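Letters A, B, ... mirror the listed sequences (proteins, then strands); counts begin at 1. Note that the structure is predicted; figures quoted are calculated from it, not measured.
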Number of protein chains: 2
Amino acid sequence: MYSFTEENYLKAIYKLSDNKAGEITTNAIADAMQTKAASVTDMVKKLAEKQLLKYEKYKGVKLSAKGRKVAIDTVRKHRLWETFLHNKLNFKWDEVHEIAEQLEHIQSETLIDKLDDFLGYPAHDPHGDPIPGKNGEIKMHDVVTLSNLKKGDRCVVVGVVDHRTIFLKHLQKINLMPGSKIQVSTINEFDQSHNIKVNRNIELQISFDVAKNILVKIDS
Amino acid sequence: MYSFTEENYLKAIYKLSDNKAGEITTNAIADAMQTKAASVTDMVKKLAEKQLLKYEKYKGVKLSAKGRKVAIDTVRKHRLWETFLHNKLNFKWDEVHEIAEQLEHIQSETLIDKLDDFLGYPAHDPHGDPIPGKNGEIKMHDVVTLSNLKKGDRCVVVGVVDHRTIFLKHLQKINLMPGSKIQVSTINEFDQSHNIKVNRNIELQISFDVAKNILVKIDS
DNA sequence: TACAATTTTTAGACTAATCTAAAAATATTT
DNA sequence: AAATATTTTTAGATTAGTCTAAAAATTGTA
Ligand SMILES: [Mn+2]
Ligand SMILES: [Mn+2]
Ligand SMILES: [Mn+2]
Ligand SMILES: [Mn+2]
């Protein structure tokens, strides 16, 4: 139905609209897609003709309902494949993204439905991001970043904000992974670094920068 | 490394060389690829430049060792994915081919290795075709067509010769599937149709045309 | 408001893969 | 061997997606 390229553009535009409200600029898209502004203008015209987004010269773009659905479906496929790679094939969580970037473009609705079933209808991917449902619903789960907690609070790691490999590998190195139980021991006033106890066992100090990028679910 | 199109051409040429010895003609490739002879000539020149095959004007083509490896790898990927779709996602055996045609082009050696492991290193795909190993070895299994058996012989269905959906669905309809145990009751001289007993239970008459296209392993 | 800097669009060109129609080579008949 | 039929290649065009460089529009600043 839609080409790899079209799906990739729609997904990128969708993610940009999610972050910042208002119009999405040509340069922002070029940046996200690692391509040139001229290419974006061309593609955006094509997508506008197909009613996937609204485009006004020099004014940026806005996804239509149809375009958003395609984008969300692509995100759904991406995250289900990431979950498959991680849960079933034992890929590490920093290895799944690149391959899912290819798998997300396989065209077969039945395949995705069956994959979803096979995985047991997971709510989140290995990075803690919500997996949209078949009809496009996205259940926002009640997560906060570790940096929001107070001294004494308990929580479980469920994901990350920063998705870059360098960060994922860092967490792996200090053995702070989804599922890890954390209690905040102290927050150092000087640099906001956190002393935490992991799995009621290991004491660890993490920078504010790390704390800001870890998504947790508060134990209640 | 290689594009979808290149992999598809190499696979088609490989399958043609497997059937008939000698050179593969432009028209034969065009036929197999559902494209035009002119397109084949263009692509074949490109593949020859990349040393994937030997091409002489008006003389047809022959795969190089390098080209054959790419083709066999593609077949390996195709059959592993078909096995995944059938064994893990419960697709029927006539539904897996089209999707595998897409999945076979995903690029990641690790992915295929892990998939192979996940599936338990299967020797055959759902249609009874051998799955090439990581290094390109293909273990030919000792199968014959049902039409080769004599009265009284016992065997188990392991695959098909004709891969068309219409045949696969027919077998499904008469409930003759991989795993079915068969004993030949009689072979009717007039039209070579076979009366068989399936799973020591159901009596069935099948035409010679069907018998010729069922691969079986003889019970011994 | 005018000038400069930045952003966006257009114009024209490129590559991969495809096609049609015509030309060239090969194969088959007479 | 000559004529005819078939196969294969070439020539030229098309489409999707991309690029660079130049032009146009917008935004920021003095
Ligand atoms: Mn990802
Ligand atoms: Mn993608
Ligand atoms: Mn197949
Ligand atoms: Mn294919």
Residues 115-130 of chain A, side-chain donor-acceptor partners within the protein, below 3.5 Å, at least two apart:
| from | atom 1 | to | atom 2 | distance (Å) |
| --- | --- | --- | --- | --- |
| A/Asp116 | OD2 | A/Arg76 | NH1 | 3.3 |
| A/Asp116 | OD2 | A/Arg76 | NH2 | 3.2 |
| A/Asp117 | OD1 | A/Tyr121 | OH | 3.0 |
| A/His124 | NE2 | A/His141 | ND1 | 2.1 |
| A/Asp125 | OD1 | A/His127 | N | 2.7 |
| A/Asp125 | OD1 | A/Gly128 | N | 3.1 |
| A/Asp125 | OD1 | A/Asp129 | N | 3.0 |
| A/His127 | ND1 | A/Glu82 | OE1 | 3.1 |
| A/His127 | NE2 | A/Trp93 | O | 2.8 |
| A/Asp129 | OD2 | A/His163 | NE2 | 2.5 |

Shorter than 3.5 Å, N or O on both sides, protein versus nucleotides 5-7 of chain C: list them out with atom names.
none

Gap between atoms [atom1] and [atom2], on [X] and [N] respectively (whole Å):
{"X": "B/Leu47", "N": "C/dA16", "atom1": "CG", "atom2": "P", "result": "12 Å"}
{"X": "B/Glu23", "N": "D/dT7", "atom1": "CD", "atom2": "P", "result": "16 Å"}
{"X": "A/Glu6", "N": "D/dT15", "atom1": "CD", "atom2": "C1'", "result": "13 Å"}
{"X": "B/Met33", "N": "D/dT8", "atom1": "CE", "atom2": "P", "result": "16 Å"}
{"X": "B/Lys57", "N": "C/dA27", "atom1": "NZ", "atom2": "P", "result": "15 Å"}
{"X": "B/Met43", "N": "C/dT15", "atom1": "CE", "atom2": "P", "result": "15 Å"}
{"X": "A/Phe4", "N": "D/dT15", "atom1": "CZ", "atom2": "C1'", "result": "18 Å"}

- Query: Taking only residues two or more places apart in sequence, or in another chain, which ones meet A/Tyr9 in a ring pair (Phe, Tyr, Trp, His ring centres under 6.0 Å)?
  - Reply: none

- Query: Does the pair A/Phe84 and B/Phe84 meet the rule for a ring-ring contact (aromatic ring centres under 6.0 Å, His included), with working shown?
  - Reply: CA-CA 12 Å; A/Phe84 168 71; B/Phe84 167 71; 5.1 Å; yes

- Query: Is a salt bridge present between A/Lys217 and A/Asp142, judged by a nitrogen-to-oxygen distance below 4.0 Å?
  - Reply: no

- Would A/Asp94 and A/Lys92 pass as an ion pair if we require N to O under 4.0 Å? no

- Can you sort out the partners of A/Asn175 under side-chain hydrogen bond (donor to acceptor under 3.5 Å, both in side chains), two or more places apart, ordered by chain and number? none

- Task: From the options B/His105, B/Glu7, B/Glu104, select the one residue that forms a side-chain hydrogen bond (donor to acceptor under 3.5 Å, both in side chains) with B/Lys77.
- Result: B/Glu7

Can you tell me if the side-chain N/O atoms of [X] get under 4.0 Å from OP1 or OP2 in [N]?
{"X": "B/Lys45", "N": "D/dT9", "answer": "no"}
{"X": "A/Tyr9", "N": "D/dT18", "answer": "yes"}
{"X": "A/Lys59", "N": "C/dT8", "answer": "no"}
{"X": "A/Tyr55", "N": "C/dT9", "answer": "yes"}

Mind listing the N/O atom pairs, protein and nucleotides 19-22 of chain C, below 3.5 Å?
| from | atom 1 | to | atom 2 | distance (Å) |
| --- | --- | --- | --- | --- |
| C/dC19 | OP2 | B/Thr35 | OG1 | 2.6 |
| C/dC19 | OP2 | B/Lys36 | N | 3.3 |
| C/dC19 | OP2 | B/Ser39 | OG | 2.6 |
| C/dT20 | OP2 | B/Lys36 | NZ | 3.2 |

- State which residues pass salt bridge (charged side-chain N to carboxylate O under 4.0 Å, His left out) with B/Asp31; sequence neighbours excluded, sorted by chain then number. none

- Message: When you measure from the centre of the six-membered ring of B/Phe91, is the NZ or CZ of A/Lys114 closer than 6.0 Å and no more than 45° off the axis?
- Response: yes

